Amino acid sequence: MSQEHATSEVCARCGRPVCSDYAKIKQADTRLRARWGWPEGPVCVACYEQAINTYGHCADCATERLLPGRRASDGRPVCTDCAGGLGDFTCHRCGQEGPRYRAGACARCVLADRLTELLDDGSGAVRRELEPLFHLIHAMSWPASRLTWLRREAPASVLSALARSEVPLTHEGLSRLRPWRSVIYVRDLLIDCGVLPPVDRFLLLFEQWLPDWLATISDPAHRKLLERFATWHVLRRLRQTAREQPINSYRVNNARRLLRLAALFLDDLAAHGRRLDECTQTDIDRWFTTGPSDCGKSREFLLWCRRQRELPRLHLPTEQLPAAAPLSQHERLAHIRRVLTDETLPDADRVLALLILLYAQPLIRIARLTTDDVIRDDNQVLLRLGEPPTPVPQPFAEVLTRYLDNRMNLNTGGGATNPFLFPGRRTGQPLHTTSLRLRLRNLDLPNLDGRSAAIRQLVLQAPAPVIAGMLGYHPNTAERMAAESGATWKTYAAGDHARLGSS
């Protein structure tokens, strides 16, 4: 093929430029390589991979099979026979149609071989306790991507260690393995398939992080004090919270930052030649004046030290938290109008934005929403944010139900079994709040300002206790928002305020 021809083609499906010359691909810094020989023309690698992983009923012969082709008249998917012969996609081992991966075998058969090799307990068979894990990974969508994952040394070493009983098949045993990112992912898989019992993920990660961090504290006296503070205050409070609700990443990150600030304060004292029990008001004032921008959070550690009689009774400045500046009602309505009318936005982004602009939901709570929290009752859609469930008006109800039927990240991890409204890429986990915040940033929608505007508008339309119950807010928070917004529900006299007609 000539170089001119190789650079002038476009993908017959997506219209992007394609090239069969690897030298020119590297020069152009692109990975669009053409797959030639299909009746419709060259197809880029991305469209090719999508085609050979598409299954369903053929639009021409109605047979349920692999549908790599497209009907010329309307573009509906058809099988390779009806498309005019696109190639042989039948696995020589299992007889199923799909992408051929190695020596005529499909990726799923090769994946079974790789899993059997990694989960072998030494007898040539998969360890009996790990058979549910074998079936979970083997049944996942896009088996080629699972093979790519298992080619990496880190996950392969974790699975092999479990199969050969190098560590106990428990949460404590897993905690001994490294690297920790691969251990986290394997742990989620083991919980999802029932091999390990559920555990609070972020609490467990904090418990694993704490000893390693304490080991970095060089001063023995500082390390001993910080260990007491971490064990009897920080970790104790996290465990109490975990008994009532799942720990989220915010709580764990705040706990880690609190400990790091405590260590920085002790180092600052030591740098000025003082122990904690010798601390003066000058030291406190200097720390809160010249310390890190978030040094106000260390007040919690200093109060604990004062209660433990480790610190003299000195004045501790209060932390001044900046108040969120709510959007105006005009700006809020403009954002709502754009999200509802812009069909180019992904439904996931539209649902996320409307949960904030209409229902004032924080990202932590949005991440924990499940598909069961969306109730379809006859012709009405309800959201279980509190009690009673909140009605969802049109056209938001249509956007929500359409997204519910086509959620994101269903081809990764646990797939369709993931219960969360916004599934994450990890098995059984929701989308991280950092990812949710990034989506809002791409929408140019301020999170705190939008949520603040929504709750202030809602408490003007109904009594604060009613809004608090329906949206899952604490009554005191709703009352404070109502007072700041100038709501006058408390001043209304009881009884029927309907104007009586003249007799």
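Quantities reported herein were computed from a predicted structural model and do not represent experimental measurements.
- Proximity of L119 to L162: side-chain heavy atoms (C-beta onward) are nowhere separated by under 4.5 Å.
- Of the possible polar contacts, none joining the R187 side chain to the V199 backbone as a donor-acceptor pair under 3.5 Å is found.
- A distance of 12.5 Å separates OG in S157 from CZ in R152, rounded to the nearest 0.5 Å.
- Ring centroids of F288 and F265 are separated by 6.0 Å or more, keeping the two rings apart.
- Between the side chain of S435 and the backbone N or O of L431, no donor-acceptor pair lies under 3.5 Å.
- For the atom pair CZ of R368 and CD of Q361, the computed distance is 14.5 Å after rounding to the nearest 0.5 Å.
- Between the side chains of S175 and E172, no donor-acceptor pair of N or O atoms lies under 3.5 Å.
- Residues D219 and L266 are not in side-chain contact: their nearest non-hydrogen atoms beyond the backbone lie 4.5 Å or more apart.
- A donor-acceptor distance shorter than 3.5 angstrom exists from the side chain of N248 to the backbone of R251, with no hydrogens or angles considered.
- Contact check on E310 versus R228 returns a salt bridge, with a Lys/Arg side-chain nitrogen under 4.0 Å from an Asp/Glu carboxylate oxygen.
- Aromatic ring orientation, F396 versus Y359: tilted (interplanar angle from 30° to 60°).
- More than 12 heavy atoms of other residues, nucleotides or ligands shown are found within 6.0 angstrom of CG on D405.
- Of all heavy-atom pairs spanning L443 and R338, the tightest one is O-NH2, 2.6 Å.
- Distance check: L210 CG to R256 CZ gives 10.0 Å after rounding to the nearest 0.5 Å.
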Determine, step by step, whether R306 and L316 satisfy the side-chain contact (heavy atoms from CB on, under 4.5 Å) criterion, reporting the C-alpha distance in whole Å, the side-chain angles of both residues, the deciding distance to 0.1 Å, and the verdict. CA-CA 10 Å; R306 203 165 66 180; L316 303 178; 4.1 Å; yes

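- D200 places a side-chain N or O within donor-acceptor distance of the main-chain N or O of I247, the cut-off being under 3.5 Å.
- Looking at F422 and Y403, their side chains come closer than 4.5 Å, going by heavy atoms from C-beta outward.
- How far CG of L445 is from CZ of R439: 13.5 Å, rounded to the nearest 0.5 Å.
- Formation of a donor-acceptor pair under 3.5 Å by the S452 side chain with backbone atoms of L448 is not found in this model.
- Q281 contributes a side-chain N or O that, together with a main-chain N or O of H315, makes up a donor-acceptor pair within less than 3.5 Å.
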Evaluation steps, side-chain contact (heavy atoms from CB on, under 4.5 Å), between R384 and T390: CA-CA 6 Å; R384 187 182 290 110; T390 304; over 6 Å; no

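- Salt bridge status for R402 with E398: present, with a side-chain N to carboxylate O gap under 4.0 Å.
- The two residues V183 and L174 have their closest heavy-atom pair at CG1-O, 3.5 Å.
- Side-chain contact between L276 and L269: present, with at least one pair of heavy atoms (C-beta onward) separated by less than 4.5 Å.
- Taking 4.5 Å as the limit, every side-chain heavy atom of V252 sits out of range of all side-chain heavy atoms of L203.
- A donor-acceptor contact shorter than 3.5 Å is absent between the side chain of R108 and the backbone of W142.
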Given side-chain contact (heavy atoms from CB on, under 4.5 Å), test I375 with L383 step by step and report yes or no. CA-CA 6 Å; I375 306 169; L383 260 177; over 6 Å; no

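- Remark: of the listed residues L421, L352, L385, L352 is the sole one forming a side chain to side chain contact (heavy atoms under 4.5 Å, CB included) with I366.
- Remark: W232 engages no residue in a ring-ring contact (aromatic ring centres under 6.0 Å, His included) (not counting sequence neighbours).
- Residue E153 qualifies as open at atom CD: its count of foreign heavy atoms under 6.0 Å is 12 or below.
- Distance NE2/H171 to CG/L196: 4.5 Å, rounded to 0.5 Å.
- The backbone N or O of V167 sits nowhere less than 3.5 Å from a side-chain atom of R176 that would complete a donor-acceptor pair.
- Taking 4.0 Å as the cut-off between side-chain N and carboxylate O, D342 and R350 do not count as a salt-bridged pair.
- For S298 (side chain) and C295 (main-chain N/O), a donor-acceptor pair under 3.5 Å exists by modelled atom type.
- Using a 4.0 Å cut-off between charged side-chain N and carboxylate O, E207 and R239 make a salt bridge.
- At a threshold of 4.5 Å between non-hydrogen side-chain atoms, the residues V374 and L369 do not count as touching.
- Side chain to side chain, H432 and T434 meet the donor-acceptor criterion of an N or O pair below 3.5 Å.
- Here the shortest heavy-atom pairing between L67 and P77 reads CB-CB, 3.9 Å.
- With a 6.0 Å radius and a threshold of 12 heavy atoms from other residues, nucleotides or ligands, R181 has its CZ atom at or below the threshold.
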Please assess R299 against L261 for the test side-chain contact (heavy atoms from CB on, under 4.5 Å), listing each intermediate value before the final yes or no. CA-CA 10 Å; R299 189 172 185 272; L261 286 172; over 6 Å; no

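- At a cut-off of 3.5 Å, with distance as the only test, no side-chain donor of Q208 or D212 sits close to an acceptor on the other residue.
- Side chains of L264 and P292 form a contact here, defined as non-hydrogen atoms less than 4.5 Å apart.
- Not counting sequence neighbours, the partners of H138 by the ring-ring contact (aromatic ring centres under 6.0 Å, His included) test are F134.
- A pairwise comparison of heavy atoms in A154 and S182 identifies CB-OG, 3.3 Å as the closest pair.
- Taken to the nearest 0.5 Å, the CD1 atom of I356 stands 12.0 Å off from the CZ atom of R332.
- Heavy-atom minimum distance, C279 versus L311: CB-CD1, 3.6 Å.
- Nearest heavy atoms, L357 versus H335: CD1-CB, 3.6 Å.
- Between H233 and W304, the ring planes are tilted. Angles from 30° to 60° get that label.
- Inter-residue side-chain proximity for L259 and F206 is flagged as met; some heavy-atom pair is nearer than 4.5 Å.
- In this structure, N418 contributes its side chain and Q429 its backbone to a donor-acceptor pair below 3.5 Å.
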